[in-house]
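Presented below is the structure to which this report refers.
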Amino acid sequence: MVTLVVATTTDPASFGPASALSAMGNWKPGVSFQGIRSKVNGEVRLLEHDKGIVEEDHLDNRWEEVTGEVVEEIIFLSKHTAVSNRPALTIHPIGVPHLKEGDVPPQGGKPGWAAVPSPRMTPWLILLKKLAQSHNLVPEFEITLEATHHGPVTNKPTMFVEIGSTIECWKRQDAAQVVARLVWEGLGIGGGEAVGNWNSMSGNKKVLLGIGGGHYVPRHMDIILKGGMWVGHLLSGYSLPMEDPGQSKGETKSKDIGGTWKQAIKAAYDATNEGFPGGEIIAHLDHKSFKGWQKKAIMEYLDEQNIKIGKPGDFY
């Protein structure tokens, strides 16, 4: 079982951390295929290609076909952009579960799809914050999760680790070193114990499925940063398209509200469930981000799907 760490030469926030990582330890040349180069260190494979980071679909399947090695997980290194231009280090799951068939995903993926989320996201977020503080990047850099978005299509547990939010930040060597150290320590490449291995037989088995809120999921982050629990998909409000029932007579039921919001919740739940076998998946709603009819419909649908809804205290 191997882990793929994927970088692209087209993005300094991807190539910089990959270069810093390859300078650590003893990496050996690996397989080259389909324009992709690789380096090997233990059970980790560092892949480098020359396309946009979201353009190479099914890298896990393609690696297995070429090498015979079974891929356990994928970690992508990438840049982050934001209107605020604030320096940031971010982690997030991927997918576009709200898009309907026929839609063209603007940043990769396939409509209605959510990748299996990496179980490492909560413990890596906490480790990332610690590393950023030790490298004096805090408070200049915000350390945060992002909501589920974009591709590429993958079939194994996946997460993105990103540097934002301007070209000056993407090229920062101190930020690149922090991301490289996160991957090095997080995967236990140097011989230490990997951070964030899922084990349903020990500790807290509760997994947060975030529903609602903005792109940086602050209400969910409040719970996650306390540690001790896990996080799966995080669906912000824009990933829950709901058609306003308007002034319809009688009481509106969830089945009467159009849009792809149900599809998005179902895909995100199923993928999270797959990523945490034996875990207890609990939906956490950002209540203040919904109108009354939206919240009612979502809660009704979650109940129909037997998805538990939790308050902050239910995750510890």
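Since this is a predicted model, take the numbers as computed values, not measurements. All values below come from the heavy atoms of this structure, side chains included, with hydrogens, waters and symmetry mates left out. Residues take their numbers from the sequence shown, with the count starting at 1.
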Run the side-chain contact (heavy atoms from CB on, under 4.5 Å) check on Val40 and Val31 step by step: do they pass? CA-CA 9 Å; Val40 174; Val31 172; over 6 Å; no
Under the side-chain contact (heavy atoms from CB on, under 4.5 Å) rule, what do Met24 and Ile189 come out as? Steps first, then yes or no, please. CA-CA 9 Å; Met24 299 176 180; Ile189 301 174; over 6 Å; no
Between Arg120 and Met159, is the side-chain contact (heavy atoms from CB on, under 4.5 Å) condition met? List the steps. CA-CA 8 Å; Arg120 300 189 190 279; Met159 68 173 164; 3.9 Å; yes
Mind running side-chain contact (heavy atoms from CB on, under 4.5 Å) on Thr260 and Gln263 for me, showing each step along the way? CA-CA 5 Å; Thr260 57; Gln263 165 191 301; 4.3 Å; yes
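The hydrophobic clustering, which links ILVMFWY residues whose side-chain heavy atoms are closer than 4.5 Å, places Val116 and Phe76 apart. Under the 4.5 Å side-chain heavy-atom criterion for ILVMFWY residues, a single connected hydrophobic cluster contains both Leu46 and Val179. Cluster annotation: Met221 and Leu285 are assigned to distinct hydrophobic clusters (Ile/Leu/Val/Met/Phe/Trp/Tyr, side-chain heavy-atom contacts under 4.5 Å, transitive). In the hydrophobic clustering of this structure, Leu77 groups with Val178; members are Ile, Leu, Val, Met, Phe, Trp, Tyr whose side-chain heavy atoms approach within less than 4.5 Å, directly or through other members. Leu125 is connected to Phe141 through a chain of hydrophobic side-chain contacts under 4.5 Å among Ile, Leu, Val, Met, Phe, Trp and Tyr, so both are in one cluster.
When all heavy atoms of Ile36 and His49 are compared, the closest pair comes out as CG1-CB, 3.8 Å. Shown here for Trp198 and Gly275, the closest heavy-atom pair between the two residues is CD1-O, 4.4 Å. Considering all non-hydrogen atoms of both residues, Gly232 and Pro117 come closest at CA-CG, 4.0 Å. Across Leu89 and Leu137, no two heavy atoms sit closer than the pair CD1-CD1, 4.1 Å. The two residues Trp230 and Thr122 make their nearest non-hydrogen contact at C-OG1, 3.6 Å. Across all non-hydrogen atoms, the minimal contact from Pro93 to Glu146 is CD-O, 3.8 Å.
Trp63 is linked by a ring pair (Phe, Tyr, Trp, His ring centres under 6.0 Å) to Phe33, counting only residues two or more places apart in sequence or in another chain.
A heavy-atom distance below 4.5 Å is not found between the side chains of Leu240 and His98. By the 4.5 Å heavy-atom criterion applied to side chains, Asn61 and Lys156 are not counted as neighbours. Taking 4.5 Å as the limit, every side-chain heavy atom of Tyr269 sits out of range of all side-chain heavy atoms of Gln305. Contact annotation: the side chain of Ile282 approaches that of Glu280 to within less than 4.5 Å [non-hydrogen atoms, C-beta and beyond]. Residues Tyr316 and Ile223 have side chains in contact (heavy-atom distance under 4.5 Å, counting atoms from C-beta outward). By the 4.5 Å heavy-atom criterion applied to side chains, Ser78 and Ile53 are counted as neighbours. Side-chain contact between Leu145 and Tyr216 is absent, with no heavy atoms from C-beta onward closer than 4.5 Å. At least one side-chain heavy atom of Asn204 sits less than 4.5 Å from a side-chain heavy atom of Lys206.
Comment: Glu140 engages Arg172 in a salt bridge, judged by a side-chain N to carboxylate O separation of less than 4.0 angstrom. Between Lys295 and Asp286 there is no salt bridge, since no side-chain N of the basic residue sits under 4.0 Å from a carboxylate O of the acidic one. Lys296 and Glu300 are joined by a salt bridge, as a carboxylate oxygen and a charged side-chain nitrogen come within less than 4.0 angstrom of each other.
Side-chain N or O atoms of His233 include none that pairs as donor or acceptor with a backbone N or O of Asp270 at under 3.5 Å. No side-chain donor-acceptor contact under 3.5 Å links Arg62 to the backbone of Gln34. Using modelled atom types, no side-chain atom of Arg219 and backbone atom of Val217 make a donor-acceptor pair closer than 3.5 Å. Panel note: side chain Thr8, backbone Lys51; a donor-acceptor pair is recorded below 3.5 Å.
Rounded to the nearest 0.5 angstrom, Leu234 CG and Leu209 CG are separated by 8.0 Å.
Donor-acceptor pairing under 3.5 Å is recorded for the side chains of Tyr238 and His215. Side chains of Thr9 and Asp50: a donor-acceptor N/O pair is present below 3.5 angstrom, by distance only.
Annotation: cation-pi pair Lys39/Trp27 absent, no NZ/CZ under 6.0 Å from the ring centroid and within 45° of its normal.
Aromatic ring centres of His150 and Phe160 lie closer together than 6.0 Å.
The one candidate from Glu69, Glu72, Glu73, Glu64 that meets the salt bridge (charged side-chain N to carboxylate O under 4.0 Å, His left out) condition with Arg45 is Glu69.
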